[in-house]
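Not measured: the values here are computed from a predicted model. Each chain gets a letter, A, B and so on, in the order its sequence line appears, and its residues count up from 1.
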Amino acid sequence: MSLDTFNKECDTPNQAIDGAWLSARGLFCERDERILFSNLNFDFFPGDIVRIAGPNGAGKSSLMRILLGLSAGFDGALFWHGQDMNKSLYDFRSQLLYLGHQVGVKGGLTPEENLAWFNPKASQTQIFTALKKVGLAGFEDLLTHGLSAGQQRRVALARLFLCDKPLWILDEPFTAIDKEGVAELEQVVINHAQNGGLVILTTHHELNVPVKTVMLGTQESEMPLC
Amino acid sequence: MSLDTFNKECDTPNQAIDGAWLSARGLFCERDERILFSNLNFDFFPGDIVRIAGPNGAGKSSLMRILLGLSAGFDGALFWHGQDMNKSLYDFRSQLLYLGHQVGVKGGLTPEENLAWFNPKASQTQIFTALKKVGLAGFEDLLTHGLSAGQQRRVALARLFLCDKPLWILDEPFTAIDKEGVAELEQVVINHAQNGGLVILTTHHELNVPVKTVMLGTQESEMPLC
Amino acid sequence: MLMALLKRDLLLAFRARGDLLNPLMFFMIVTSLFPLAVSPDPKLLGVIAAGVIWVGALLATLLSLDLMFKNDYEDGSLEQMLLMPQPVMLMVLVKVLVHWLVAGLPLALIAPLLGLMLGLPNGGFQPLVISLLLATPILSLLGSIGAGLTVGLRKGGMLMPLLILPLYIPVLIFASSSVLAGVQGSSYTGHLAFLGAYLALTLVIAPVATAGALRISLAR
Amino acid sequence: MLMALLKRDLLLAFRARGDLLNPLMFFMIVTSLFPLAVSPDPKLLGVIAAGVIWVGALLATLLSLDLMFKNDYEDGSLEQMLLMPQPVMLMVLVKVLVHWLVAGLPLALIAPLLGLMLGLPNGGFQPLVISLLLATPILSLLGSIGAGLTVGLRKGGMLMPLLILPLYIPVLIFASSSVLAGVQGSSYTGHLAFLGAYLALTLVIAPVATAGALRISLAR
Amino acid sequence: MWTRLKRLYHKMGSPKWFYEITSQWSPWILLVGSALMLTGIVWGLAFAPADYLQGNSFRIIYIHVPASLLSQSAYLFMAVAGLVGLVWKMKMSFVVAKVIAPIGASLAIMSLLTGAIWGKPTWGTWWVWDARLTSMLILLFLYFGVIAIYNAIENDEMANKAAAILSIVGSINIPVIKYSVEWWNTLHQPATITLTKKPTMAPEMFIPLILTILAFYCWFAVWVFARTRNEILFKERKTNWVKKLLNNDKGAQL
Ligand code: HEM
Ligand SMILES: Nc1ncnc2c1ncn2[C@@H]1O[C@H](COP(=O)(O)OP(=O)(O)OP(=O)(O)O)[C@@H](O)[C@H]1O
Ligand SMILES: Nc1ncnc2c1ncn2[C@@H]1O[C@H](COP(=O)(O)OP(=O)(O)OP(=O)(O)O)[C@@H](O)[C@H]1O
Ligand SMILES: [Mg+2]
Ligand SMILES: [Mg+2]
């Protein structure tokens, strides 16, 4: 699906389509007197992989924070499972896994302890398996702040293997990850969608995955380099 | 050139090859009782584009900090223009432009003021041209911390257009930069090398540029994902 | 989840064991500046001891407040916490509890030693310890509001005292005058009752206000 | 390059204009805590005024030290500065100068007002201001060492006072006793001469030590 | 009834309406305030008898007391405005709160200064740690905290909300602070110097005082309105009605 599908006048202006998990109607966001997006409408369904795309400064991160309810500076309506987001906030959050620019990994804890706090219910074996899957076997007991940039992000990515949350929102999850790592992460994302989950992500990497795209800021805010 | 060219026993164990700008002999680095690299020898010449490659945690950033003289935890010898690095430190630094994981951009200053402080000698027109080249025309007067992740890095990258330092050391310069941006940056790097500069960089992106590669940590420290 | 947070924070505090002593050391150094700055005269020191110890405790708590949310903000865990399916208020209460255990309680335990050094008269020791036990939670609670409001600001360090110290004044007054009352041999239950009431008040207000403050700081 | 740094830092300080007042406000609030904690009795206050003001100034400087290198470290500019082809010492001197202008000098200027409020006897005002003018640069200089040593640590906030306060003690003693001498009507040039000598000493030592400390902090 | 209230609420939330209505009111309030002030001052300064103890220095009372009273009420206004903004999401209310902060702080400073000036001849000292004085000083610190928050946070909306939270918490604490300060002072030592008790004042002094207090409230309202209108113009400078307004102004000047 392309930009038009999302941005065109919506048939059901004030309610979500049946069966959609996350829907938006008439989203509008302005920063520093520059309109980032206006009248944005979309419906995301289970099984979708949605890529929010656009050049630097287009408003991708801003849109994600709006979806998450972390940002108040916007107009429009959001729906979760067809219900007004404000009313189903608890349900939304209990189904959500979010990784942002900052991933919430504690330098003063070991990778194992970090995961244990995110998923208090996970057993030690589960945690070890997850860490092994992200290539951190043997690093479980070092403090995280001694790891390299990419390794620290891998600790956070291990959460993708641990949790059973159906909705993933990932802001540039591939930052600092090496090439093989990226390829394997893509596979994880595909698997999740095939199992009926919904993945919303941004990335500047080329993706080898079939995705829906929400394109932001293609007109005025495009910023070519040189 | 591949790993072997660099890592093999060196013909001139205790001095640099004539004409080489930056040379290393027998570099050795250990972290947390894991050997990151040992007996690393190389000579970089003007016109080279050198990529330090390797999976996450291989020691790329560590090697760069050693070259810069910011890290003391290593063995071996470094040469700048054939001279011992410690003796030619002033000359080395006056020829160097370094961009690290943190790029040194001040959130409380505007992009213009940021560049003015890095290059006190640059005129305002030069600064504006550089900002325009990185696609920040129109953002000169906003405070930098209000910009997006990619835009903030672009402010730092504008330094590449401003300065006449021959040696560039860039640690993942493409992080958070969008696709066109990356392509154009690659061109900038090529131009610099063709004009007789030396560029040393790391990146997990696919590069469309002919480079020399220093490969780190391919054996034991490889870390596949999944 | 709250238990997990409590466990995590205590673990982090324990990891940075050395840091645990810092508020305490600060408290001791600051109070021992006064004999040097004012006068070594034991009689004079005895008179000002209660006040000096209390001001020291207040400043020590204040300095340690910076840690309450800052690290979590910087590495993104605060964001994660706000996105968890649970009231932010409760999370704040856990944070305050940890702060009090780490930075408030030790002050109450070490205070008698400082009283001894400054020549606090005998009757003052009991009210000193009791008032510290009652009032340090208030300091942590009110402090959490300031910490929440300033967490997103890079220059939070100096702003917080400005926001919070005026609110600390009732605590300071009642606590230090309870010690004075103890020294003079009069009853100090009235003062302590006031502190208890103020504790109840802040226990109601502070978590709500801090939760709001955190939301605002993260939306910035 | 040094001029550019000076310009940049002053610009940054000016941008955060509101923050400029914070050390000052902290100073005022802390000193006014003492009458509340100790006693409003003007006679007693007059006796302890010099000491209280000096301890307040010391703590205010201490808190503002956090800003000296921390921001630059976090956004990577400190790294950039260390890689510039110029002695790190000189850069440190510029940083200290800015810190003193922003956080030290204002204290000296506001101190008479606080002296008035605490009922400092008349003879004390002149030595109070002179000693503050002479000694606040020492505080900034010595403080830069502590700031440099702790800059890489996430929990620097509470560690710094421990490193630095002991070094501040001679300053505190001589400065506050110069005020006392002034109050008693005796000569205080001796004390001030000592402060001058200490200033010269730290001016030589501190930049070198701080430059070393920064190297170490960044290599970590 | 409910719908009318709701309509009023929407109206008050609209900057344009606020701008227009206050533009209409301000001159009248200013007029009333100035008339009150003039009578009060003339009566108080020229006709009221000199105090038998303090001589003529007591006449500073006509600035001191209104400023003291008003700086306290202003804090309350600010907190209420902040609360309204937070709960009912009324943007105008935030603007009013923001505008009050510096005004309230300057009134507090005025109270402290006039008090100090008054204190020198009557008590022989600029400052004592009396309960009233101390709590006024703390009020000033509370104002400074709120202003510092406005300064520290770049984003307007966030700054407004943060300052609202702080001022609400502050206003809940004001009674506690006041009570504790008063209580503390009587406990430590019997106050050697107390402020003149209220009812003991002669009516010739008292009535002009009431007049000036009322005048101060009027002036305060005008001041707040003027600064709010400035803020509105700046915030809405991109909207049509402001552009039109400014153009009209220009036209009128030409
Ligand atoms: C810096 C010093 C002073 C401060 C901060 C100060 C503050 C105040 C405050 C807060 C009020 C209370 C308004 C109210 O709530 O009713 C007040 C009222 C008053 N003050 Fe002052 N004051 C100061 C000095 C003085 C002095 C030196 C005098 C005269 C001897 C004085 C005479 C009065 C009088 C007569 C009232 C009105 C009493 C009443 O209506 O309750 N004040 N002042
Ligand atoms: N400050 C440190 N203390 C201890 N060990 C460290 C420190 N920094 C890095 N290391 C270790 O050195 C190794 C190499 O780290 P480095 O940052 O050089 O990797 P990198 O190749 O840059 O990886 P990435 O691609 O993830 O950036 C890591 O495995 C890490 O454990
Ligand atoms: N805190 C803020 N205050 C003011 N403006 C902001 C803020 N954050 C972002 N913006 C503005 O919003 C625009 C979009 O920012 P955002 O971070 O959403 O971009 P992005 O699409 O995620 O870009 P990137 O690819 O660089 O991460 C930017 O141009 C920036 O100027
Ligand atoms: Mg982004
Ligand atoms: Mg790296």
Open item on the list: Measuring only between side-chain heavy atoms, which start at C-beta, is C:Q80 closer than 4.5 Å to A:V103?
Closed with: no
Task: Under 4.5 Å from a heavy atom of chain C, the part of A:L68 involved - done: both
- [ ] Please determine, among C:D72, C:D75, C:L82, C:L78, the option with the most heavy-atom pairs under 4.5 Å with chain A.
- [x] C:D75
Open item on the list: Would you compute the distance between atom CH2 of A:W117 and atom CG of C:L6 and round it to the nearest 0.5 angstrom?
Closed with: 11.0 Å
Open item on the list: Is any side-chain heavy atom of A:R65 closer than 4.5 Å to one of C:E79?
Closed with: yes
- [ ] Let me know if C:L5 has heavy atoms under 4.5 Å from chain A in its side chain, its backbone, both or neither.
- [x] both
Open item on the list: Is it the case that the side chain of C:R8 and the backbone of A:A116 share a donor-acceptor pair, with hydrogens and angles ignored and the cut-off at 3.5 Å?
Closed with: no
- [ ] Identify which part of A:F118 has an atom lying under 4.5 Å from any heavy atom of chain C, answering side chain, backbone, both or neither.
- [x] both
Task: Per-residue contact mode, A:K106 against chain C (heavy atom under 4.5 angstrom) - done: both
TODO: Over all heavy atoms of both residues, which pair between A:S71 and C:A219 is shortest? Give the atoms and the distance, please.
DONE: CA-CB, 4.3 Å
Open item on the list: Can you confirm whether more than 12 heavy atoms, excluding those of A:K165, are under 6.0 Å from its NZ atom?
Closed with: yes
Open item on the list: Using a 4.5 angstrom heavy-atom cutoff, name the option from A:L97, A:L99, A:V105 with the most pairs to chain C.
Closed with: A:V105
Task: Part of C:M3 lying under 4.5 Å from any heavy atom of chain A - done: neither
